[in-house]
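Order of appearance sets the numbers: ligands from 1, and atoms from 1 within every ligand. All of these numbers come straight from a predicted model, not from anything done at the bench.
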Amino acid sequence: MLIGSNETTKLIDRYAIDNLKIPSIVLMENAAIDFVNEIDEELDNFLIVCGKGNNGGDGYAIARQLWSKGKKVKIFGVSFENLSCDCKINYDICKNIEIKMSDNIEKLKTWILQSECIIEGIFGTGLNSEVKGVYKKIIEIVNEHSNQKEIYSIDIPSGISGDDGEIMGTCIKADKTISFVTYKKAFLNTKNSKYFGKIIIKNIGLNQNFFKNFVNEYYLTKLDIKNVHKVRNVNSHKGDFGKVLIYAGSKEFSGASVLASNSCVRAGAGLVTLLTSENILKNNILSEVMLLNINDSRTISKSDFKNELQKIENNILNSDVIAIWNWQK
Ligand SMILES: NC(=O)C1=CN([C@@H]2O[C@H](COP(=O)(O)OP(=O)(O)OC[C@H]3O[C@@H](n4cnc5c(N)ncnc54)[C@H](O)[C@@H]3O)[C@@H](O)[C@H]2O)[C@H](O)CC1
Ligand SMILES: [K+]
């Protein structure tokens, strides 16, 4: 799964809109549909808290989707003025289908108490400064009055920086965060994981493989492993599954060589050879790992040393992958 900063998420968004010609309103609709599919079906009574940007726009679109499923929905808007283009489109539809809406803070408290679930789209990847004023107040009210209620965050809990997961003054404490396209860099900040709740990533109709050029960081998932895992033929031989040569380990520091060798065996490499200067590791190494000892050049004859080098060269030529330990005294 791709890991995205605010910037890379925007680049992907722009590429999808400008190059793939997927209208941004379609992405927003896909995001809303994907989001609603992750909401507990038992929940019936919702309050959606919307900001003025596209994160808020997702909120209005989610409100419509829930409305079409016959759920009870109300919307609290930070403001109904100066909405982003796609946010305005979804706001207008919500108005036309007569979803109850308010921007009155006193109503916010009452409506939270009347709801089972609060979905918040105050800020997403567009947050770029400390949360202050009315925004701060709204976030605090949502956190304070939502005891025993489910809080779902759209894309990222509002107030969390998408880039480093730090709290920008204050932030929503979510039970579930349903995020789009990339695993946000913010989620790697484990210090603040209690604010993210359960994290779910949805593709919103895009295929991550298409955007690899924008991103060079990955979050390893079971699906990634499934994609590279090959079914093995019953007639196959261990030589069919790759030969790994690991050069690592010393008398004092054997840990990395043990871990690397055993990991290769467990990961399914056909042949694993550990080239090490000291044969002291046998007890810790899985029996499938082959050990190749290099003798100290000072303790053997010149011709034996030549043979040693030949042995190493043969192993290098015979390997598909070579891992070299980079430790210096
Ligand atoms: N491909 C995708 O991932 C898609 C994402 N979508 C959603 O869009 C948001 C990002 O929307 P954006 O309009 O860029 O920003 P926000 O809604 O997060 O923010 C709105 C607005 O707020 C202003 N702002 C920033 N910081 C502050 C602050 N501290 N106080 C007050 N105002 C602030 C800033 O000007 C922003 O413009 C993404 O998270 C997704 O939820 C699309 O819907 C689908 C495609
Ligand atoms: K949010």
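Look at Ile156 and the K ion (ligand 2): an N/O/S atom of the residue is under 3.4 Å from the metal.
Using a 4.5 Å heavy-atom cutoff, the side chains of Lys185 and Asp164 are not in contact.
Counting protein heavy atoms only, atom 3 (O) of ligand 1 is closest to Thr9 CG2, 3.7 Å. The single protein non-hydrogen atom nearest to atom 28 (C) of ligand 1 is Ser129 OG, 3.6 Å, given as residue, atom name and distance. Summary of contacts: the protein heavy atom closest to atom 37 (O) of ligand 1 is Gly126 O, 5.0 Å. Annotation: atom 1 (N) of ligand 1 to nearest protein heavy atom, Asp13 OD1, 3.1 Å. Scanning the protein for heavy atoms near atom 9 (C) of ligand 1, the closest one is Asn55 N, 3.6 Å. Counting only heavy atoms of the protein, atom 35 (O) of ligand 1 lies nearest to Asn128 ND2, 4.6 Å. The single protein non-hydrogen atom nearest to atom 10 (C) of ligand 1 is Thr125 OG1, 3.4 Å, given as residue, atom name and distance.
Between the side chain of Glu120 and the backbone N or O of Ser158 there is at least one donor-acceptor pair closer than 3.5 Å. Here the side chain of Asn315 pairs a donor or acceptor atom with the backbone of Lys311 at under 3.5 angstrom. Asp44 contributes no side-chain N or O that, together with a main-chain N or O of Lys71, makes up a donor-acceptor pair within less than 3.5 Å. In this structure, Asp320 contributes its side chain and Lys243 its backbone to a donor-acceptor pair below 3.5 Å. The closest donor-acceptor contact from the side chain of Asn45 to the backbone of Glu116 lies at 3.5 Å or more, if one exists at all. Put simply, the side chain of Thr9 gets close to the backbone of Ser5: a donor and an acceptor are under 3.5 Å apart. Of the possible polar contacts, none joining the Asp58 side chain to the Ala32 backbone as a donor-acceptor pair under 3.5 Å is found.
The shortest N or O to N or O distance between Lys52 and ligand 1 is not under 3.5 Å. The shortest N or O to N or O distance between Lys10 and ligand 1 is not below 3.5 Å.
Counting only heavy atoms, the protein gets under 4.0 Å from atom 6 (N) of ligand 1.
Each of the following atoms of ligand 1 lies closer than 4.0 Å to a heavy atom of Gly53: 13 (O), 17 (O), 20 (C). Atom numbering of ligand 1 starts at 1 in the shown order; those under 4.0 Å from a heavy atom of Ile204 are 1 (N), 2 (C), 45 (C). Against a heavy-atom cut-off of under 4.0 Å, Glu130 is close to the following atoms of ligand 1: 29 (N). Below 4.0 Å from some heavy atom of Gly124 lie the following atoms of ligand 1, by number and element: 16 (P), 18 (O), 39 (O). Taking every heavy atom of Asp155 and a limit of under 4.0 angstrom, the matching atoms of ligand 1 come to 38 (C), 39 (O), 40 (C), 41 (O).
Within the set Phe211, Tyr135, Phe123, the minimum heavy-atom distance to atom 23 (C) of ligand 1 is found for Phe123. Among Val134, Asn54, Asp58, the residue whose heavy atom sits closest to atom 40 (C) of ligand 1 is Asp58.
Within the structure, ligand 1 lacks Ile12 among the residues with a heavy atom less than 4.0 angstrom away.
Taking the charged nitrogens against the carboxylate oxygens, Glu150 and Lys176 have no contact shorter than 4.0 Å, which rules out a salt bridge. Salt bridge annotation for Lys184-Asp163: absent, with no cationic side-chain nitrogen under 4.0 angstrom from a carboxylate oxygen.
Here Asn55 contributes OD1 and Glu120 contributes O, and at the K ion (ligand 2) these two atoms make an angle of 90°, given to 10°. Geometry note: the K ion (ligand 2) is the vertex, Ile154 O and Phe123 O are the arms, and the angle is 110° (rounded to 10 degrees).
Counting heavy atoms closer than 4.0 Å to ligand 1, residue Ile156 contributes nothing at all.
Between Tyr135 and Phe123, the distance from one ring center to the other falls under 6.0 angstrom.
The aromatic rings of Tyr60 and Tyr91 stand perpendicular to each other, their planes meeting at an angle above 60°, with 30° marking the opposite boundary.
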